[in-house]
Protein chains: 2
Amino acid sequence: MAKLDLFKFVPFRLNRLGAEVSAALSSEYRERYGLDIPEWRVIATLGFRNEACSAQYIAQCTRTHKSTISRAVTSLMERQLIERVENADDRREFRLAMTRRGTALYEELIPRLLRREQEILSCLSAQERKEFARLLGKIEDNLGLVQASQPMSEAEAY
Amino acid sequence: MAKLDLFKFVPFRLNRLGAEVSAALSSEYRERYGLDIPEWRVIATLGFRNEACSAQYIAQCTRTHKSTISRAVTSLMERQLIERVENADDRREFRLAMTRRGTALYEELIPRLLRREQEILSCLSAQERKEFARLLGKIEDNLGLVQASQPMSEAEAY
DNA sequence: TTTAGATAGTTGCAAGTGAGACTATCTCGC
DNA sequence: GCGAGATAGTCTCACTTGCAACTATCTAAA
């Protein structure tokens with residue numbers, strides 16, 4: 001008879017670990033800065049790329065639904081953490097960019113998050129971390145998840 | 001200036017991968033058997049353990065909120081996939097167990113899910129899979145996710 | 001025995017999110 | 001230029017889920 005041990009089943013483990021790690025980090029951006037996950041993803045994307053980009057681009061990069069990104073953008077604009085300008089070339093879309101306040105928040109938040117990441121991975125040696133990242137990359141690749149570290153054009157985004 | 005590349009940030013990658021893998025598997029239990037994730041977790045826990053167990057136990061094992069498990073249990077009982085009996089020793093709790101129908105579904109579903117898991121991991125060699133599982137285990141351990149109630153086999157200890 | 005606190009499970013409520021409709025705009029073929 | 005189809009972003013609706021209150025029951029200590 002076929003059996004399946006949930007604790008050895010990789011899909012379950014990844015789902016559980018993903019949720020757990022998110023919860024562990026959310027205290028940094030939620031409790032301290034009032035950001036939820038979609039808002040943090042917008043900030044993270046805009047902060048990493050220096051140039052302004054569209055909501056659609058952020059949605060594709062982060063695999064987040066466009067309506068969710070839309071709400072996050074509205075909220076961040078209300079708090080003046082990001083701003084947007086019409087794109088003269090294509091008036092359907094807006095170019096999003098961080099404000100000075102948004103950038104300040106970003107620079108304060110990033111070191112905290114990187115420290116948390118280090119804590120989570122502190123149980124692995126440098127070699128193991130490298131290996132873990134490599135294996136994660138192979139699986140992401142196999143599932144067709146975007147994993148470019150370089151900024152990509154909209155054309156490549158999908 | 002501190003920067004953070006979302007695509008290299010392990011918490012983001014784990015969260016995204018966990019969601020993606022869940023979505024890839026959900027077609028098996030949702031579209032074919034009408035189970036959602038909490039229901040599947042109840043079935044998986046009861047199917048793996050031979051003895052009946054409580055809703056609370058399932059909630060703890062799977063790190064799912066007890067109200068979510070409660071709703072899943074109600075739904076599964078309505079479909080006669082599981083049944084429950086009062087525990088004479090402690091009348092607050094119920095002992096949950098699979099029905100014949102539930103067991104039949106379980107045995108039909110498990111091979112499909114294991115096949116999906118293999119597909120997801122097909123990009124890794126046998127050695128790499130073992131290593132990935134080992135590293136996952138270390139991180140789970142570091143976050144306190146290891147379940148003491150289900151002792152790990154020697155195989156997982158490596 | 002009584003009572004205070006803990007625990008199992010259920011339920012009402014509110015927040016978050018995805019699907020998909022909708023508007024406005026762009027692109028391409030004619 | 002014109003119309004069909006594609007695309008960016010917003011909005012409504014329905015669904016899911018976590019939280020917290022609630023009931024019922026158990027445990028332990030006075």
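In the text below, chain A, chain B and the rest are named by the order of the sequence lines, each starting its count at 1. Values below: all heavy atoms of this structure, side chains included; hydrogens, waters and symmetry mates excluded. Keep in mind it's a predicted model, so treat the numbers as computed, not measured.
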Taking the side chain as every heavy atom from C-beta outward, state whether A/I37 and A/S22 have any pair of such atoms under 4.5 Å apart.
yes

Residues from residues 19-30 of chain A sitting under 4.0 Å of DNA chain D, heavy atoms only?
none

side-chain hydrogen bond (donor to acceptor under 3.5 Å, both in side chains) partners of A/E20, counting only residues at least two apart
B/R63

When you check every protein heavy atom under 4.0 Å of nucleotides 10-21 of chain C, what one-letter string (B, S, -) results, 5' to 3'?
BBB----BBBB-

Determine which pairs satisfy ring-ring contact (aromatic ring centres under 6.0 Å, His included) with at least one residue from residues 97-129 of chain A, sequence neighbours left out, and list them in order.
none

Checking A/D36 now: which residues fulfil side chain to side chain contact (heavy atoms under 4.5 Å, CB included) with it, not counting sequence neighbours?
A/P38, A/E39

Residues that B/A19 engages under side chain to side chain contact (heavy atoms under 4.5 Å, CB included), provided they are two or more places apart
none

Less than 4.5 Å apart, side chain to side chain, heavy atoms only: is that true for A/L35 and A/L109?
yes

Could you go over nucleotides 25-27 of chain C and give all protein N or O partners under 3.5 Å, atom names and distances?
residue, atom, partner, partner atom, Å
C/dT25, OP1, A/R91, NH2, 3.3
C/dT25, O2, A/R92, NH1, 3.4
C/dC26, OP1, A/R91, N, 2.9

Separation of atom CD in B/E86 from atom C1' in D/dC26, rounded to whole Å
14 Å

Kindly write out the residues that satisfy salt bridge (Lys or Arg N to Asp or Glu O under 4.0 Å) with B/R84, not counting sequence neighbours, or none if the list is empty.
none

What residues, two or more places apart in sequence or in another chain, satisfy ring-ring contact (aromatic ring centres under 6.0 Å, His included) together with A/Y29?
A/W40

Applying ring-ring contact (aromatic ring centres under 6.0 Å, His included) as the test, list every pair that has at least one member in residues 71-97 of chain B; sequence neighbours left out.
none

Note down the inter-axis angle between the two ends of the helix from C/dT1-D/dA30 to C/dC30-D/dG1, five pairs each, to the nearest 10°.
20°

Determine whether A/I139 and B/L17 make a side-chain contact, defined as any pair of heavy atoms from C-beta on separated by less than 4.5 Å.
yes

Applying salt bridge (Lys or Arg N to Asp or Glu O under 4.0 Å), which residue pairs with at least one partner in residues 112-121 of chain A are found, sequence neighbours left out?
A/E28-A/R112, A/E28-A/R116

Measure the shortest side-chain to side-chain distance between A/R101 and A/E83 over non-hydrogen atoms and say whether it is less than 4.5 angstrom.
no

